[in-house]
Enquirer: 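Quick one: this structure, given as structure tokens, is what I'll be asking you about.
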Amino acid sequence: MRQELERAPSLGPLYRAAALRRSTAKEPSLPDRELVLRGVRADRDHLAAYDRVCGFRLGDTLPGTYPHVLAFPLALRLMTAGEFPFPLLGLVHVENEIRVHRPIGASEAFDLAVRAEALRPHDRGTQLDVVATATIGDEPIWSGRSTYLRRTTRSKGTKTETKEPVPARSVWRIPKRTGPDYAAVSGDRNPIHTSRLLAKAFGFPRTIAHGMWTKARCLAALEGRLLDAYTVRVSFKLPILLPATAGFDARADGDEWVISVWDVRTGKPHLSGTAYGTGAAP
């Protein structure tokens, strides 16, 4: 069922709904609903602020991760609705895939649609995908798939992947303000990114960087190296505790770039993934 919205949802009430939500459905199922917002257009000042926070050059083309930010209010409304099976605060963003079908001009207007699909078991609980698509008329111009994990059990007999510290192609000095700065431009104000006290309440010794900031920072480092149409898939590993020093590497492997971000002191991974031109890889 498609539900067209007249305007982007206000995030404040949605966060209050997320904070109050506690129950989990005994037999979970995803809502048969797709939220649609027409005539979405980037605000130039907001786009410039996003570019600065994530490291992109200022320009007239939307960064590949920027439509994800525009779709976030729709996703938040979908995931805080009463029929959504899990509390938002119990979900972990573990993977993200973005497909840019063509460059999107900063002045272009397009339609956004968001839905949830692919509820499936996982060895640590349950996974689902939140899918966002951007279209102009019948032309798809961008899509994003965010995979979330609802943890109900802990993995047995597995250890976090660890590597020996290696020289990084780039070293990122990530300041503490990265959390609140990205929260301000993305709308994702989860307190684990902005409040040390509340981050501790969720089991983190300090605030952590947003996973989508890390992905955006990787794309910013690859500006000018990707084709006009490309796909970027990443898995989020251990969180980046702020402030941090992280290593970044992107190595060409045939038709794709293999990207990784890790703790330069311990070698433990923060992000791994690939980027390739559409049609260049399966």
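Residue indices begin at 1 and follow the sequence shown. Worth saying up front: this structure is predicted, and the values here are computed from it rather than measured.
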Enquirer: Between Asp249 and Arg251, does any side-chain N to carboxylate O distance fall below 4.0 Å?
Expert: yes
Enquirer: For Pro28 versus Phe86, what's the shortest heavy-atom pair and its separation?
Expert: CB-CZ, 3.8 Å
Enquirer: How would you list all residue pairs meeting salt bridge (Lys or Arg N to Asp or Glu O under 4.0 Å) that involve residues 69-78, not counting sequence neighbours?
Expert: none
Enquirer: Report the C-alpha distance between Asp129 and Arg120 in whole Å, list the side-chain angles of each, state the deciding distance to 0.1 Å, and finish with yes or no for salt bridge (charged side-chain N to carboxylate O under 4.0 Å, His left out).
Expert: CA-CA 9 Å; Asp129 295 336; Arg120 57 198 183 273; 3.1 Å; yes
Enquirer: State plainly whether the residues Lys268 and Asp263 are in salt-bridge range, i.e. N to O under 4.0 Å.
Expert: no
Enquirer: For the backbone of Ala48 and the side chain of His46, can you confirm whether one donor and one acceptor N or O come within less than 3.5 Å of each other?
Expert: no
Enquirer: Evaluate the side-chain contact (heavy atoms from CB on, under 4.5 Å) criterion for residues Cys54 and Trp213: first the C-alpha distance (whole Å), next the side-chain angles of each, then the deciding distance (0.1 Å), finally the verdict.
Expert: CA-CA 6 Å; Cys54 298; Trp213 174 86; 4.0 Å; yes
Enquirer: Begin with the C-alpha distance, continue with both residues' side-chain angles, and end with the deciding distance and a verdict on side-chain contact (heavy atoms from CB on, under 4.5 Å) for Leu149 and Thr126.
Expert: CA-CA 6 Å; Leu149 171 67; Thr126 305; 6.0 Å; no
Enquirer: Residues two or more places apart in sequence or in another chain: which of them pass salt bridge (Lys or Arg N to Asp or Glu O under 4.0 Å) with Arg44?
Expert: Asp60
Enquirer: Give me the atom names and distance for the closest heavy-atom approach of Leu14 to Pro73.
Expert: CD1-O, 3.9 Å
Enquirer: Under the criterion side-chain contact (heavy atoms from CB on, under 4.5 Å), I'd like the reasoning laid out for Trp172 against Val264: C-alpha separation, chi angles, the key distance, then a yes or no.
Expert: CA-CA 9 Å; Trp172 298 346; Val264 295; over 6 Å; no
Enquirer: I'd like to know if Ile240 and Val92 are part of one continuous hydrophobic network [Ile/Leu/Val/Met/Phe/Trp/Tyr, side-chain heavy atoms within less than 4.5 Å].
Expert: no
Enquirer: Which value, rounded to the nearest 0.5 Å, describes the distance between Ser272 atom OG and Trp262 atom CH2?
Expert: 12.0 Å
Enquirer: Does CZ belonging to Arg7 count more than 12 external heavy atoms closer than 6.0 Å?
Expert: no
Enquirer: Tell me if a side-chain donor or acceptor on Arg38 pairs with a main-chain N or O of Asp111 at a distance below 3.5 Å.
Expert: no
Enquirer: Could you pull out all residues at least two apart from Asn96 that satisfy side-chain hydrogen bond (donor to acceptor under 3.5 Å, both in side chains)?
Expert: Ser146, Lys215
Enquirer: Quick check for you: to the nearest 0.5 Å, what is the distance between Ile141 atom CD1 and Ile104 atom CD1?
Expert: 4.0 Å
Enquirer: In terms of hydrophobic clusters joined by side-chain contacts under 4.5 Å, are Val36 and Met79 together?
Expert: no
Enquirer: Could you state the interatomic distance from CG (Asp123) to OG1 (Thr152), rounded to the nearest 0.5 Å?
Expert: 9.5 Å
Enquirer: For Met212 and Ile98, run side-chain contact (heavy atoms from CB on, under 4.5 Å): C-alpha distance rounded to whole Å, both residues' side-chain angles, the deciding distance at 0.1 Å, then the answer.
Expert: CA-CA 11 Å; Met212 288 304 295; Ile98 284 173; 4.1 Å; yes
Enquirer: Between Glu95 and Arg145, does any NZ, NE, NH1 or NH2 come within less than 4.0 Å of an OD or OE carboxylate oxygen?
Expert: no
Enquirer: Could you check whether any side-chain N or O of His270 sits under 3.5 Å from a backbone N or O of Lys237, counting only pairs where one atom can act as donor and the other as acceptor?
Expert: no
Enquirer: Of all the heavy-atom pairs spanning Ala250 and Ile259, show the shortest one and how long it is.
Expert: CB-CG2, 3.8 Å
Enquirer: Which heavy atom in Leu74 sits nearest to a heavy atom in Pro9, and how many Å separate them?
Expert: CD2-CD, 3.9 Å
Enquirer: Is there side-chain contact between Arg150 and Pro87, with at least one heavy-atom pair below 4.5 Å?
Expert: yes
Enquirer: Sub-3.5 Å donor-acceptor pair from the side chain of His210 to the main-chain atoms of Asp188, do we have one?
Expert: yes
Enquirer: Kindly say whether Arg57 contributes a backbone atom to a donor-acceptor pair with the side chain of Glu223 at under 3.5 angstrom?
Expert: yes
Enquirer: CZ/Arg217 to OG1/Thr178 distance, rounded to the nearest 0.5 angstrom?
Expert: 10.0 Å
Enquirer: Would you verify whether the NZ or CZ of Arg225 falls within 45 degrees of the ring axis of Trp257 while also being under 6.0 Å from that six-membered ring's centre?
Expert: yes
Enquirer: Which residue is it: Phe56, Tyr50, Phe72, Phe110? I am looking for the one with a ring pair (Phe, Tyr, Trp, His ring centres under 6.0 Å) to Tyr66.
Expert: Tyr50
Enquirer: Are any of the side-chain nitrogens in Glu108 or Arg41 under 4.0 Å away from the carboxylate oxygens of its partner?
Expert: no
Enquirer: Do Leu5 and Val131 belong to the same hydrophobic cluster, where Ile, Leu, Val, Met, Phe, Trp and Tyr are linked whenever their side-chain heavy atoms lie under 4.5 Å apart, directly or via other members?
Expert: no
Enquirer: Rounded to the nearest 0.5 Å, how far does OG1 of Thr133 lie from CH2 of Trp142?
Expert: 8.5 Å
Enquirer: If you look at every heavy atom in Leu119 and Ser29, which pair is closest and at what distance?
Expert: CD2-CA, 4.0 Å
Enquirer: Are side-chain heavy atoms of Val261 and Pro269 found at a separation under 4.5 Å?
Expert: no
Enquirer: Who are the side-chain hydrogen bond (donor to acceptor under 3.5 Å, both in side chains) partners of Glu139, not counting sequence neighbours?
Expert: Arg102
Enquirer: Hey, which of Val114, Leu91, Leu30, Thr147 is the one that makes side-chain contact (heavy atoms from CB on, under 4.5 Å) with Val130?
Expert: Val114
Enquirer: Applying salt bridge (Lys or Arg N to Asp or Glu O under 4.0 Å), can you list everything that pairs with Glu97, at least two apart in sequence or on another chain?
Expert: Arg99, Arg233
Enquirer: Might you point out which heavy atoms bring Val232 and Ala275 nearest each other, and give the distance in Å?
Expert: CG2-CB, 3.9 Å
Enquirer: Would you give the length of the straight line joining atom OH of Tyr230 to atom OG1 of Thr274, rounded to the nearest 0.5 angstrom?
Expert: 13.0 Å
Enquirer: Under 4.5 Å between any side-chain heavy atoms of Tyr148 and Gln127, yes or no?
Expert: no
Enquirer: Enumerate donor-acceptor pairs with a distance under 3.5 Å from any side-chain N or O in residues 190-200 to protein atoms, sequence neighbours excluded.
Expert:
unit_1	atom_1	unit_2	atom_2	d
Asn190	OD1	Ile192	N	3.1
His193	ND1	Ile208	O	2.8
Ser195	OG	Leu198	N	3.1

Enquirer: Are Phe204 and Val94 connected, step by step, through hydrophobic side chains (Ile, Leu, Val, Met, Phe, Trp, Tyr) whose heavy atoms are closer than 4.5 Å?
Expert: no
Enquirer: Would you say the side chain of Cys218 lies within less than 4.5 Å of the side chain of Ser260, judging by non-hydrogen atoms?
Expert: no
Enquirer: Would a hydrophobic clustering, with Ile, Leu, Val, Met, Phe, Trp and Tyr connected at side-chain separations under 4.5 Å, put Leu226 with Leu271?
Expert: yes
